[in-house]
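Quick one: the structure is below, and I'll ask about it shortly.
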Amino acid sequence: MTSIFFKPFRLPPPPQRPEPLMKQLLALSPLQWAFYWIGWLAWTCDAIDFNAVSLSVPALSVQFQRDTTAITQAITLTLLFRSVGAVLFGVFSDRFGRKWPLVFNLLLISVLQLGAGFTQTYRQFLALRSLFGIGMGGIWGMASSTALENLPVSLRGLASGFLQQGYAVGYLFAAVISLQLVPEVNAGWRALFWTASGISAFGAFLRALLPESDVFEKVRRAAELHGVISEGQKTRIFLRETKVMLARHWLLCVYAVLLMSGFNFFSHGSQDLYPTYLQKTKGFTPHAATVATIIGNCGAIVGGTIAGWASQRWGRRISIVVCALLTGMFIPLWIIPSDFHSLSAGAFCVQFGVQGAWGVIPIHLAEMAPPAFRATFPGVAFQLGNMVSSASAQIEATGGEHLKTVLDGQPVPDYAKVQGIFIGCVAAFVLVTSAIGPENHSSRFEKHRAAFDEGGGLDDAYLDEDGVVYVDAEANDKASEERSEKPSVAA
């Protein structure tokens, strides 16, 4: 086992000559920008597609003549099946490359989202959303690896924060479509699903225009330089190195799943039932609830970007802990007021904290992961956490059925109290879990051998500029227990 838990907090060492942020951004090549933005767009498409259900719960209840708890089963099934997609597409990405697996994945969710918009029965809808979960499961791991691995280390914190807020931007786009388009067309809620399908197809088209990741091409050439030529040989080595990685990092895998379970409860618990909460408990109109949702996601974008930037200077875990504390502080503003302005302010502040913590996660997981598996490991951990948290909306909906309050003289579900308790408990869990875990700040994972190269499952086999391995694979069993203390390659 190569990771140490309960490590003390410490600030990352500052660069010897820090350059202005704008100068670093201007130094990026057009291809680096393109890789980053296509990864961001893929994650944005995922968010639009997923949140189409959350924003349509009341309309779906009328369409299929089911209550809120029954409709949220679609959310639960989508989250449950996402881990399957994470394994499949994560393995394809680490084995075959970043390009075509992501193209296929985006086309798959486009087709399934389109089909969901044509469903006529509740069973059909649940079946499509279950299959949809498999497609969605692969997006995050491939999007984050595509976006981050080609960037310089000094920009990865900020890039991580804004990348993760592709989810908030996707929620924002879905909310605007729901607000402006859905009420104006006869198709109603179906228009949101069809529009989301088109955006995902457009993302697949753009990714197909770009070449394979430069980093992946480099490690592919290095593997061939080491004599790994045939595709069959690469697959056999990939399977063998996967077993080596799992044997060495099983405890890290368990920790990452627990961490991501907490984070997914954090986001889904504060988002999936939020429009329903405003309408049923606070008496907002669908229009006002959608506007409040948009304001909350603006807070998410700001919080994620700032926290990602701060994590480059103050460390990944410290940034997460601060954001979890901020979330807990603003829960009263989230649930106590009854007027639009106060509740919208609460939504902004809570989502600032929730998605601020989330903004650190793409780079934190990529640095924590065994380097050759930075598409599979983060993606699977993320989606297994999604699976654990899949019942978030149903837990809150069931809680609302048992805890009642009064609105205009009528008993209604008290989603305010339910969400306050739920988010408070989850914030505490995220804080503790992040604080006791490992951190591998500024890892140079892009210099590591591929998973289909000999020794790829080990931690410390890095390549020089010519693709030559300069760490003895036989000596890796005696490597340092802290992977953050790398050999001089980081210079």
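Residue numbers start at 1 and run along the sequence shown.
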**Request:** Return the set of residues passing side chain to side chain donor-acceptor pair (under 3.5 Å) with Gln165 (not counting sequence neighbours), or none when no residue passes.
**Result:** none
**Request:** Sort out for me which residue in Val426, Leu325, Thr327 forms a side-chain contact (heavy atoms from CB on, under 4.5 Å) with Leu431.
**Result:** Leu325
**Request:** Report the residue from Arg66, Gln65, Gln73 that forms a side chain to side chain donor-acceptor pair (under 3.5 Å) with Tyr122.
**Result:** Gln73
**Complete:** For Phe118, the ring-ring contact (aromatic ring centres under 6.0 Å, His included) test, sequence neighbours excluded, returns Trp194
**Request:** Could you tell me whether Asp414 and Lys280 make a salt bridge, using a distance below 4.0 angstrom between a side-chain N and a carboxylate O?
**Result:** no
**Prompt:** Should the pair Glu212-Lys99 be classified as a salt bridge under the 4.0 Å nitrogen-to-oxygen rule?
**Reply:** no
**Message:** If only side-chain N and O atoms count, and only distance matters, is there a donor-acceptor pair under 3.5 Å linking Trp140 with Gln164?
**Reply:** yes
Pairs of donor and acceptor atoms involving the side chains of residues 173-190, under 3.5 Å and at least two apart or interchain, shall be tabulated with distances.
from	atom 1	to	atom 2	distance (Å)
Trp189	NE1	Gln63	OE1	3.3
Arg190	NH1	Gly117	O	2.8
Arg190	NH1	Thr119	O	2.7
Arg190	NH2	Thr119	O	3.1

**Item:** Donor-acceptor contact present, side-chain Asp46 to main-chain Ala42, <3.5 Å
**Value:** no
**Request:** Name all residues meeting the salt bridge (Lys or Arg N to Asp or Glu O under 4.0 Å) criterion together with Glu396; count only those two or more places apart in sequence or in a different chain, and write none if there are none.
**Result:** none
**NZ/NE/NH1/NH2 to OD/OE distance under 4.0 Å, Glu446 and Arg156** = yes
**Asked** Does any pair with a residue in residues 393-427 pass ring-ring contact (aromatic ring centres under 6.0 Å, His included), and if so which ones, sequence neighbours excluded?
**Response** Phe265-Phe422
**Test side chain to side chain donor-acceptor pair (under 3.5 Å) applied to Asp339 - qualifying residues, sequence neighbours left out** = Ser342
